[in-house]
Amino acid sequence: MTTTETLIAIIVPVVIIVALAALGVWVMVRRRRLRQQFGPEYDRAVSSGNGRLAGERELRSREKRYDDLDIRTLPQEDRERYAEEWNRLEQHFVDRPNESVEEADRLVTRVMRDRGYPVEDFEQRLKDLSVEHATTLEQYRAAHDVGLRSGQGGATTEELRGAIVHYRTLFRELLGNPGSEPRHHGTTRHDAA
């Protein structure tokens with residue numbers, strides 16, 4: 001073997017090993033970023049039955065869809081009007097718990113629509129919200145479930161109270177602080193990793 005052949009025989013495997021190691025690090029960084037961003041929703045997507053890669057692909061597609069939406073911050077006067085509506089809703093809870101939960105669901109949906117979220121399909125709403133509001137998504141699911149059972153007379157007053165608390169958490173996040181949201185559409189999170 002010549003010196004050149006020996007060098008090639010050493011360099012090619014080293015380059016392949018380095019490339020594989022870099023690919024492994026890149027996958028780990030992307031996975032960690034998705035876990036941090038989506039929290040419990042990451043576990044839900046990964047355990048959906050289609051495997052880790054399919055779940056992660058689903059989460060990245062949610063990010064892409066979200067970046068294509070025109071999500072905006074509400075003007076201060078709208079934020080104040082919605083906050084007043086929420087206060088009235090909570091004041092009426094004692095006298096009308098079922099109606100208050102239904103009203104909370106409608107109010108959260110209106111805020112979402114005014115912010116630019118599509119609201120026609122509940123499951124799609126969850127996916128769209130998961131990109132920026134993953135930490136409150138389980139609360140939204142739980143509140144919505146109680147609201148559905150409430151409409152059929154199957155929710156206790158304590159469950160209704162819990163639903164209001166859950167809706168309030170998402171409601172406050174959606175109102176947000178001016179300038180804190182939405183994500184800048186020119187810079188996407190999935191481009192960062």
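Just so you know, residue 1 is the first one in the sequence shown, and it goes up from there.
Between E173 and the options T136, L129, V108, a side-chain contact (heavy atoms from CB on, under 4.5 Å) holds for only T136.
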* **side chain to side chain contact (heavy atoms under 4.5 Å, CB included) evaluation trace for L34 with R60** => CA-CA 8 Å; L34 285 172; R60 286 191 303 276; 3.8 Å; yes
* Would R115 and M112 count as a side chain to side chain contact (heavy atoms under 4.5 Å, CB included) if you check the C-alpha gap in whole Å, the side-chain angles of each, and the deciding distance to 0.1 Å? -> CA-CA 5 Å; R115 295 254 342 251; M112 287 179 63; 5.7 Å; no
* To do: Please test F38 against V131 for side chain to side chain contact (heavy atoms under 4.5 Å, CB included), starting from the C-alpha separation and ending with a verdict.
  => CA-CA 7 Å; F38 286 96; V131 177; 4.2 Å; yes
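Nearest heavy atom pair, residue Q37 against residue A134, reads O-CB, 3.6 Å. Contact record, R62 with S130: NH1-OG, 3.0 Å, taken as the closest heavy-atom pair. Residues L89 and S100 share a closest heavy-atom pair of O-OG, 3.5 Å. Scanning both residues, A163 and A143, for their nearest heavy atoms gives O-CB, 3.6 Å. When all heavy atoms of F93 and T157 are compared, the pair lying nearest together is CZ-O, 4.1 Å. Residues R52 and V46 share a closest heavy-atom pair of CA-CG1, 3.8 Å.
The hydrophobic cluster containing L148 does not contain V101, counting ILVMFWY residues as joined when their side-chain heavy atoms lie under 4.5 angstrom apart, directly or transitively. Under the 4.5 Å side-chain heavy-atom criterion for grouping Ile, Leu, Val, Met, Phe, Trp and Tyr, L137 is connected to I71 within one hydrophobic cluster. Under a hydrophobic clustering in which Ile, Leu, Val, Met, Phe, Trp and Tyr are joined whenever their side-chain heavy atoms come within less than 4.5 Å, directly or via other members, I11 and I16 fall into different clusters. A chain of hydrophobic side-chain contacts below 4.5 Å, direct or via other Ile, Leu, Val, Met, Phe, Trp or Tyr residues, connects V12 to L20.
Taken to the nearest 0.5 Å, the CZ atom of R106 stands 11.0 Å off from the CD atom of E85. Y167 OH to E102 CD: the interatomic distance, rounded to the nearest 0.5 Å, is 9.5 Å. Interatomic distance, E5 CD to I10 CD1, rounded to the nearest 0.5 Å: 12.0 Å. Atom CD1 of I164 sits about 8.5 Å away from atom CD of E103, to the nearest 0.5 Å. Atoms CG and CG, from L170 and L174 in turn, are 4.0 Å apart once rounded to the nearest 0.5 Å. The structure places OG1 of T169 at 4.5 Å from CD of Q139, a figure rounded to the nearest 0.5 Å.
Between Q124 and E120, the side chains place no donor N or O within less than 3.5 Å of an acceptor N or O (distance only, hydrogens not considered). For the residue pair R33/Q36, the side-chain donor-acceptor check at 3.5 Å is not satisfied.
Ionic pairing of D145 and R149 is present here: one or more N-O contacts between side-chain nitrogen and carboxylate oxygen are shorter than 4.0 angstrom. For K127 and E123, the salt-bridge test fails: no basic side-chain N is under 4.0 Å from an acidic carboxylate O. A salt bridge links R81 and D78; the closest N-O separation between the charged side-chain nitrogens and carboxylate oxygens is under 4.0 Å. A salt bridge is defined here as a Lys NZ or Arg NE, NH1 or NH2 lying under 4.0 Å from an Asp or Glu carboxylate O, and E56 with R31 meets this definition. With respect to the salt-bridge test (charged N to carboxylate O, under 4.0 angstrom), the residues R65 and D128 qualify. Salt-bridge formation is not detected for the pair D114/R110: no Lys NZ or Arg NE/NH1/NH2 atom is positioned less than 4.0 Å from an Asp or Glu carboxylate oxygen. We find that R141 and E138 are joined by a salt bridge, their nearest charged nitrogen and carboxylate oxygen being less than 4.0 Å apart. Using a 4.0 Å cut-off between charged side-chain N and carboxylate O, R72 and D70 make a salt bridge. Salt-bridge check for R161 with E158: passed, with a basic side-chain N closer than 4.0 Å to an acidic carboxylate O.
W86 and F171 have parallel rings, their planes meeting at less than 30° on a 0 to 90° scale where 60° marks the start of perpendicular.
With hydrogens and angles disregarded, no donor-acceptor distance shorter than 3.5 Å links the side chain of R79 to the backbone of L74. In terms of modelled atom types and a separation under 3.5 Å, the side chain of E159 and the main chain of T156 share a donor-acceptor contact. With hydrogens and angles ignored, the 3.5 Å screen pairs no side-chain donor or acceptor of S150 with any backbone N or O of V146.
A ring-centre distance under 6.0 Å is found for F122 and H144.
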